[in-house]
Peer 1: 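Take this structure, written in structure tokens, and hold onto it; I'll ask about it next.
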Amino acid sequence: MAEVPLLELAHARSGDKGDTANVGLMVYDERDYPIILKMVTPDRVKEHFKGLVQGPVERFRLDNLHAVNFLLHGALDGGGTVSLMTDAQGKVFSTALLRMRIEVPDEVAERVRGRGRHPGAGTGDSR
């Protein structure tokens, strides 16, 4: 087994709904979706954002898109209209989540190495 950052398996987008940050995580390659489902759980995400997310973390599967969506409740200090946080709309939560490191089989680590910086690298396609 090897440890890799989510950045090499997926890309992400984030935003806000009031005091809740919304983070979508989409795999580059559908073969990696089961790894994301197993390793990127609500508890792991909550731990990754320890001290930033005050409420529960919910995960919603989007199997047809090979993606998951997380709701991070109590993450925005009241939300964009009342918060004094630098990122009151939660835009950097996606980047921060992509820094989470997870264990993957060695062959997966080799296949995805460097992909987060150059999507398509290691897959044979030239996107």
Side-chain angles (χ1 to χ4, degrees):
M1 295 294 278
E3 196 174 87
V4 300
L6 279 177
L7 176 70
E8 295 190 341
L9 294 170
H11 58 104
R13 295 282 307 229
S14 58
D16 69 302
K17 288 292 182 198
D19 195 30
T20 301
N22 175 44
V23 183
L25 185 66
M26 296 76 53
V27 296
Y28 292 121
D29 186 323
E30 66 184 56
R31 294 177 289 178
D32 299 324
Y33 185 56
I35 295 169
I36 296 296
L37 293 177
K38 180 179 179 184
M39 301 302 294
V40 188
T41 64
D43 289 339
R44 294 261 338 257
V45 171
K46 174 88 172 178
E47 178 63 27
H48 183 70
F49 288 113
K50 188 175 185 175
L52 292 175
V53 176
Q54 304 306 313
V57 172
E58 293 181 89
R59 182 180 79 175
F60 299 90
R61 293 173 55 158
L62 297 112
D63 295 337
N64 59 326
L65 300 175
H66 305 106
V68 291
N69 189 57
F70 290 96
L71 295 181
L72 314 175
H73 297 279
L76 299 174
D77 193 33
T81 58
V82 298
S83 177
L84 297 178
M85 290 177 64
T86 303
D87 181 28
Q89 283 83 37
K91 299 300 182 187
V92 299
F93 276 90
S94 59
T95 302
L97 182 60
L98 291 173
R99 300 304 184 255
M100 177 191 279
R101 298 185 69 81
I102 62 171
E103 282 194 347
V104 299
D106 292 333
E107 59 273 9
V108 172
E110 185 63 32
R111 175 172 50 84
V112 302
R113 183 165 289 121
R115 189 193 290 154
R117 289 174 290 284
H118 305 284
T123 64
D125 62 81
S126 59
R127 284 186 248 174

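The shown structure was predicted, so the numbers you read here are calculated from the model rather than taken from an experiment. Residue numbers count from 1 along this sequence. Values below: every heavy atom of this structure, side chains too, minus hydrogens, waters and symmetry copies.
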Peer 1: Could you tell me whether the side chain of Arg99 reaches within less than 4.5 Å of the side chain of Thr95, counting heavy atoms only?
Peer 2: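 They are in side-chain contact.
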Peer 1: Would you name the heavy atoms of Tyr28 and Leu7 that are closest together and state the gap between them?
Peer 2: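 In terms of heavy atoms, the two residues are closest at CE1-O, 3.7 Å.
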Peer 1: For Gly114 versus Glu8, what's the shortest heavy-atom pair and its separation?
Peer 2: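 Looking at all heavy atoms of both residues, the shortest contact is N-OE2, 3.1 Å.
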Peer 1: Counting only N and O atoms by type, is there a donor-acceptor contact under 3.5 Å from the side chain of Ser14 to the main-chain atoms of Val23?
Peer 2: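 Answer holds: no.
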Peer 1: Grab the two heavy atoms, one from Pro5 and one from Arg101, that are nearest each other, plus how far apart they are.
Peer 2: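 In this case the closest contact between Pro5 and Arg101 is CD-NH1, 3.5 Å.
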Peer 1: Might you point out which heavy atoms bring Leu25 and Ala10 nearest each other, and give the distance in Å?
Peer 2: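 So the minimum-distance heavy-atom pair works out to CD1-CB, 3.6 Å.
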Peer 1: Would you say Lys46's side chain and Thr41's backbone share a donor-acceptor pair under 3.5 angstrom?
Peer 2: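 Not a single qualifying donor-acceptor pair exists.
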Peer 1: If you take all heavy atoms of Met39 and Arg44, which pair is closest and at what distance?
Peer 2: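 Looks like O-NH1, 3.1 Å.
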Peer 1: If two hydrophobic side chains count as joined below 4.5 Å and joins carry through other members, does Met26 share a cluster with Phe93?
Peer 2: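 They do not share one cluster, since no chain of ILVMFWY contacts under 4.5 Å joins Met26 to Phe93.
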Peer 1: List the atom pairs, with distances to 0.1 Å, where a side-chain N or O of residues 66-75 and a protein N or O form a donor-acceptor pair under 3.5 Å, not counting sequence neighbours.
Peer 2:
from: Asn69; atom 1: ND2; to: Asn22; atom 2: OD1; distance (Å): 2.8
from: His73; atom 1: ND1; to: Thr20; atom 2: OG1; distance (Å): 3.2
from: His73; atom 1: NE2; to: Glu58; atom 2: OE2; distance (Å): 2.6

Peer 1: What's the shortest heavy-atom distance between Pro105 and Ile35, and which atoms?
Peer 2: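 Smallest interatomic distance, heavy atoms only, reads CD-CD1, 4.4 Å.
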Peer 1: Taking C-beta and beyond as the side chain, do Val108 and Leu9 meet within less than 4.5 Å on heavy atoms?
Peer 2: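 SC-SC contact between Val108 and Leu9 confirmed.
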Peer 1: I want to check something: taking the side chain as every heavy atom from C-beta on, are Arg115 and Asp32 in contact at a cut-off of under 4.5 Å?
Peer 2: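 Arg115 vs Asp32: side chains touch.
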Peer 1: Starting at CG of Asp63, measure out to CD of Glu30 and round the result to the nearest 0.5 Å.
Peer 2: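 Those atoms lie 11.5 Å apart.
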Peer 1: Would you compute the distance between atom OH of Tyr33 and atom CG of Leu62 and round it to the nearest 0.5 angstrom?
Peer 2: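 It is 6.5 Å, given to the nearest 0.5 Å.
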Peer 1: According to a hydrophobic-cluster definition based on side-chain heavy atoms being under 4.5 Å apart (Ile, Leu, Val, Met, Phe, Trp, Tyr only), do Met100 and Leu37 belong together?
Peer 2: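 Both belong to a single hydrophobic cluster.
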